Amino acid sequence: MKPLRDLAKVVRSKNAGPYRLTIDVMFATTEAYEAVRDTGAINEDAVAAAYGIPVSSVSSLYAVDMANAYKITLVRPIAQCDPGESDVYGCQQHVPILNLAIPAA
């Protein structure tokens with residue numbers, strides 16, 4: 001098992017809207033992307049558990065284009081993001097998901 005942090009980086013998407021936070025898990029290679037996608041190890045339940053939020057607050061998809069990304073949208077209870085926010089809905093809390101272990105990737 002490999003930690004997700006060895007296979008990808010997590011960035012806040014530029015597509016975040018006023019009531020949602022969009023996060024992109026960008027894989028370093030197509031092979032890593034396909035391996036993680038095929039294991040199903042990263043999914044909405046895993047994201048919700050990593051952040052300690054209800055699964056109903058999470059929607060996600062594996063990008064079908066050449067992005068090699070897993071895109072996550074978190075419903076936000078606030079209208080804007082302040083740079084100093086420290087909760088999961090803030091600008092900088094993207095690390096917990098990187099602790100997920102990916103089998104056979």
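Please read these numbers as outputs of a predicted model, since none were measured by experiment.
A donor-acceptor pair under 3.5 Å links the side-chain atoms of N43 to the main chain of G40, judged by distance alone.
With rounding to the nearest 0.5 Å, the separation of CD in E34 from CZ in F27 is 11.0 Å. To the nearest 0.5 Å, the span separating OG on S60 from CG on D45 amounts to 9.5 Å. Note: M1 CE to L100 CG = 9.5 Å, rounded to the nearest 0.5 Å. With values rounded to the nearest 0.5 angstrom, Y33 atom OH is found 11.0 Å from I42 atom CD1.
Residue N68 comes nearest to T29 through the heavy atom pair ND2-C, 4.1 Å, listed as atom of the first residue, atom of the second, then distance. The two atoms that bring A63 and K71 nearest to each other are CB-CE, 4.0 Å, heavy atoms only. Closest non-hydrogen pair, Y51 versus I97, comes out as OH-CG2, 4.0 Å. The heavy-atom pair separating A46 from A41 by the smallest distance is CB-O, 3.7 Å. For the residue pair A69 and M26, the shortest heavy atom distance occurs at CB-SD, 3.6 Å.
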- Task: Dump the intermediate steps for side chain to side chain contact (heavy atoms under 4.5 Å, CB included) on I23 and L74, then the final yes or no.
- Result: CA-CA 8 Å; I23 299 169; L74 305 175; 3.9 Å; yes
- Message: Could you go through I53 and V58, starting from their C-alpha distance and side-chain angles, then the distance that decides it, and tell me whether this counts as side chain to side chain contact (heavy atoms under 4.5 Å, CB included)?
- Response: CA-CA 8 Å; I53 60 175; V58 180; 3.8 Å; yes
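At least one side-chain heavy atom of L7 sits less than 4.5 Å from a side-chain heavy atom of V36. Using a 4.5 Å cut-off on side-chain heavy atoms (C-beta onward), N99 and L4 make no contact. Residues T73 and S59 meet the side-chain proximity criterion, which asks for heavy atoms closer than 4.5 Å. In this structure, the side chains of L61 and Y70 stay at 4.5 Å or more apart for every pair of heavy atoms.
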